[in-house]
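As structure tokens, the structure follows; a few thoughts come after it.
The chain is numbered in sequence order, starting from 1. Atoms considered below: every heavy atom in the structure, side chains included; atoms not considered: hydrogens, waters and symmetry mates.
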Amino acid sequence: MSSKVPVSVLIPAKNEQANLPACLDSLQRADEIFIVDSQSTDKSIEIAKNYGVNLVQFYFNGRWPKKKNWSLDNLPFRNEWVLIVDCDERIPNQLWDEIAQVIKTEEHTGYYLNRRVFFLGKWIRYGGKYPDWNLRLFKHKLGRYENLHTEDVPNTGDNEVHEHVVMQGKVGYLKEDMLHEDFRDIYHWLERHNRYSNWEARVYYNLITGQDDSDTIGANLFGEAVQRKRFLKRVWVRLPFKPLLRFILFYVIRLGFLDGRAGYIYGRLLSQYEYQIGVKLYELRNCGGTLNTANTSNSIPPSLTQEIEKSTT
């Protein structure tokens, strides 16, 4: 086995028994591994103990910070560099070799990693899913996840969803890919994206209403790849027919059809996901974020209205 790479790995987890073994197997070259768990009820804790990694429990208070930022603030990392890895991700040996080399230099304080996303056993290479850059390797004292002001939205979980890391210093890009391969079934994909759509609806709402973005990576058409995406999202949230546009963009314009049946199914699910976001955005804007609260005074029968008035006086 190659010598240990002086990097501390941070893995946010909750009920990930299907993915954890393969993830941890791919991280054996790391000098240190922390699993930050949210009271898992499956075999995740047992698996973590069998691998001999550091296990920490995170108890979310419903406010800022969420799990990753809390971990960056509180865990006793013994290395300068931290690598953020989700349970459904793998770090191949070629990527470990590259990481071992770049952390020896002082040119950058952080690095973007490119992900290969697998779905139904196939690498989704088209449709805009590749390249998929995420800033995951950085000097932990110099980076924190942005605050998109979504913590008041219920049912989004206790972990940062698609927030990006705001870095001090210069960032670079690694050549080798990490792998994103969830061993769970479609039910879990749908369940996860149901939560994600709550988060996305709030992000859309904040963009439409011009919320302060000083704590974020910012939107810049000429900046890093993730900043360009954020700029384009400001335009996207104002377009009509987004579910249909999402499918056409993924499947036709960005050649998602080249990924075969898996590409078609993925494109249809993304369109459905966009529809969920739109419905929840409508709920936020017109119902105060709670279903069936718009114009309720007009929909209650008069006799019931009188009873309500009596009970409140």
Next on the checklist: Just to verify, what does Trp199 make a side-chain hydrogen bond (donor to acceptor under 3.5 Å, both in side chains) with, not counting sequence neighbours?
Outcome noted: Thr150, Glu163

Item to check | From Arg195, Lys242, Lys233, Arg246, residue fulfilling salt bridge (Lys or Arg N to Asp or Glu O under 4.0 Å) relative to Glu200 | outcome: Lys233

Checklist entry - Does any N or O in the side chain of Arg238 come within less than 3.5 Å of the main-chain N or O of Arg234, such that one atom is a donor and the other an acceptor? => result yes

Next on the checklist: Return the CG to CD distance between Leu281 and Gln276, rounded to the nearest 0.5 Å.
Outcome noted: 13.5 Å

Item to check | Residues Leu113, Asn134; criterion side chain to side chain contact (heavy atoms under 4.5 Å, CB included); working and verdict | outcome: CA-CA 5 Å; Leu113 277 63; Asn134 290 264; 5.6 Å; no

Item to check | Heavy-atom donor-acceptor pair, Arg116 side chain to Trp123 backbone, under 3.5 Å | outcome: no

Checklist entry - Is Glu191 salt-bridged to Arg184, cutoff N-O under 4.0 Å? => result no

Checklist entry - For the residue pair Gln17 and Asp42, what are the closest heavy atoms and their distance? => result N-OD2, 3.1 Å

Item to check | Contact summary for Lys280 and Asn198, nearest pair of heavy atoms | outcome: NZ-OD1, 2.6 Å

Checklist entry - Any side-chain heavy-atom pair from Phe257 and Asp259 closer than 4.5 angstrom? => result no

Checklist entry - What is the ring orientation for His162 with Tyr196, classed by angle as parallel under 30°, tilted 30 to 60°, or perpendicular over 60°? => result perpendicular

Checklist entry - Would Val102 and Met167 show up in the same hydrophobic cluster when neighbours are defined by side-chain heavy atoms closer than 4.5 Å? => result no

Checklist entry - Is Lys66 salt-bridged to Glu160, going by a charged N under 4.0 Å from an acidic O? => result no

Item to check | Separation of Leu95 CG from Leu83 CG (nearest 0.5 Å) | outcome: 7.5 Å

Next on the checklist: Any non-hydrogen side-chain atom of Val36 less than 4.5 Å from a side-chain atom of Ile11?
Outcome noted: no

Item to check | Closest non-hydrogen atom pair, Lys68 against Asn159 | outcome: CG-OD1, 3.3 Å

Checklist entry - Among Leu27, Ile103, Ile91, which residue meets the side-chain contact (heavy atoms from CB on, under 4.5 Å) test with Val7? => result Ile103

Next on the checklist: For Tyr130, is the OH atom crowded, meaning more than 12 foreign heavy atoms sit under 6.0 Å from it?
Outcome noted: yes

Next on the checklist: Take a 6.0 Å sphere around CZ of Phe231 and say whether it holds more than 12 heavy atoms from other residues, nucleotides or ligands.
Outcome noted: no

Item to check | Between Asp25 and Tyr51, a side-chain donor and acceptor under 3.5 Å | outcome: yes

Item to check | Student check: side-chain heavy atoms of Leu20 and Ile35 closer than 4.5 Å | outcome: yes

Checklist entry - Under a 4.5 Å cut-off applied to non-hydrogen side-chain atoms, are Arg285 and Ile208 in contact? => result yes

Item to check | Arg125 side chain vs Leu258 backbone, donor-acceptor pair below 3.5 Å | outcome: no

Checklist entry - Is the backbone N or O of Leu207 less than 3.5 Å from a side-chain atom of Gln211, with the two atoms forming a donor-acceptor pair by type? => result no

Item to check | Parallel, tilted or perpendicular: ring planes of Tyr173 versus Tyr112, cut at 30 and 60 degrees | outcome: parallel

Checklist entry - With no hydrogens and no angle check, is any side-chain donor or acceptor of Glu46 less than 3.5 Å from a backbone partner on Lys43? => result no

Checklist entry - Could you go step by step and tell me if Asn114 and Asp132 meet the side chain to side chain contact (heavy atoms under 4.5 Å, CB included) rule? => result CA-CA 5 Å; Asn114 196 7; Asp132 181 22; 4.2 Å; yes

Checklist entry - Given Glu32, which of Val53, Val9, Asn54 fulfils the side-chain contact (heavy atoms from CB on, under 4.5 Å) condition? => result Asn54

Next on the checklist: Determine whether a donor-acceptor pair (N or O, by modelled atom type, separation under 3.5 Å) exists between the side chain of Asp158 and the backbone of Lys67.
Outcome noted: no

Next on the checklist: Side-chain heavy atoms nearer than 4.5 Å, only ILVMFWY residues, links allowed to pass through others: does that put Val226 and Leu148 together?
Outcome noted: no

Checklist entry - If you look at every heavy atom in Glu16 and Ser44, which pair is closest and at what distance? => result N-OG, 2.8 Å

Item to check | Close side-chain approach of Arg144 and Asp73, heavy atoms under 4.5 Å | outcome: yes

Item to check | Cation-aromatic face contact Arg268/Phe119, 6.0 Å, 45 degrees | outcome: no

Next on the checklist: Run the side-chain hydrogen bond (donor to acceptor under 3.5 Å, both in side chains) test against Ser40 and tell me which residues pass, sequence neighbours left out.
Outcome noted: Asp37

Next on the checklist: Please check this pair: side chain of Asn79 against backbone of Trp81, looking for a donor-acceptor N/O pair closer than 3.5 Å.
Outcome noted: no

Item to check | Mutual orientation of the aromatic rings belonging to His193 and Trp189 [parallel < 30°, tilted 30-60°, perpendicular > 60°] | outcome: parallel

Next on the checklist: Within this structure, what is the OG1-OH distance for the pair Thr209 and Tyr204, rounded to the nearest 0.5 Å?
Outcome noted: 14.5 Å

Checklist entry - Are Asn194 and Asn155 close enough that some pair of their side-chain heavy atoms sits under 4.5 Å apart? => result no

Item to check | Cluster link Val85 to Val5, ILVMFWY, side chain under 4.5 Å | outcome: yes

Next on the checklist: With a 3.5 Å distance limit and no angle check, can you tell me whether Gln57 reaches the backbone of Gln39 through a side-chain donor-acceptor pair?
Outcome noted: yes

Checklist entry - Under 4.5 Å between side-chain heavy atoms, hopping through other hydrophobics if needed: is there a path connecting Leu137 to Val165? => result no

Checklist outcome for this item: Between the CZ atom in Phe118 and the NE2 atom in His180, the distance rounded to the nearest 0.5 Å is 11.0 Å

Checklist entry - So, are Asp86 and Arg136 salt-bridged, with charged N and O less than 4.0 Å apart? => result yes

Item to check | side chain to side chain contact (heavy atoms under 4.5 Å, CB included) between Thr109 and Phe138, worked out | outcome: CA-CA 6 Å; Thr109 59; Phe138 55 96; over 6 Å; no

Checklist entry - Near Lys14 NZ, under 6.0 Å, is it more than 12 heavy atoms from other residues, nucleotides or ligands? => result no

Checklist entry - Any side-chain heavy atom of Arg29 within less than 4.5 Å of one from Asp97? => result yes

Checklist entry - Given the rule in the side chain to side chain contact (heavy atoms under 4.5 Å, CB included) test, do Arg230 and Glu146 qualify, once you have shown the distances and angles that lead to the verdict? => result CA-CA 13 Å; Arg230 188 65 54 78; Glu146 63 185 343; 2.8 Å; yes

Checklist entry - Under the 3.5 angstrom rule, does the side chain of Asn19 hit a backbone N or O of Phe183 as a donor-acceptor pair? => result yes

Checklist entry - Side chain of Ser197, backbone of Tyr273: donor and acceptor closer than 3.5 Å? => result no

Next on the checklist: Quick one, Trp64 and Asn69 - any side-chain contact, counting heavy atoms below 4.5 Å?
Outcome noted: yes

Checklist entry - Shared ILVMFWY cluster between Ile186 and Tyr275, side chains joined below 4.5 angstrom? => result no

Checklist outcome for this item: When every non-hydrogen atom of Cys87 is compared with those of Pro12, the smallest separation belongs to SG-O, 3.5 Å

Checklist entry - Can you name the residues that form a side-chain hydrogen bond (donor to acceptor under 3.5 Å, both in side chains) with Glu98, not counting sequence neighbours? => result none

Checklist entry - Of all heavy-atom pairs between Pro243 and Ser271, which one has the smallest distance, and what is that distance? => result O-OG, 2.8 Å

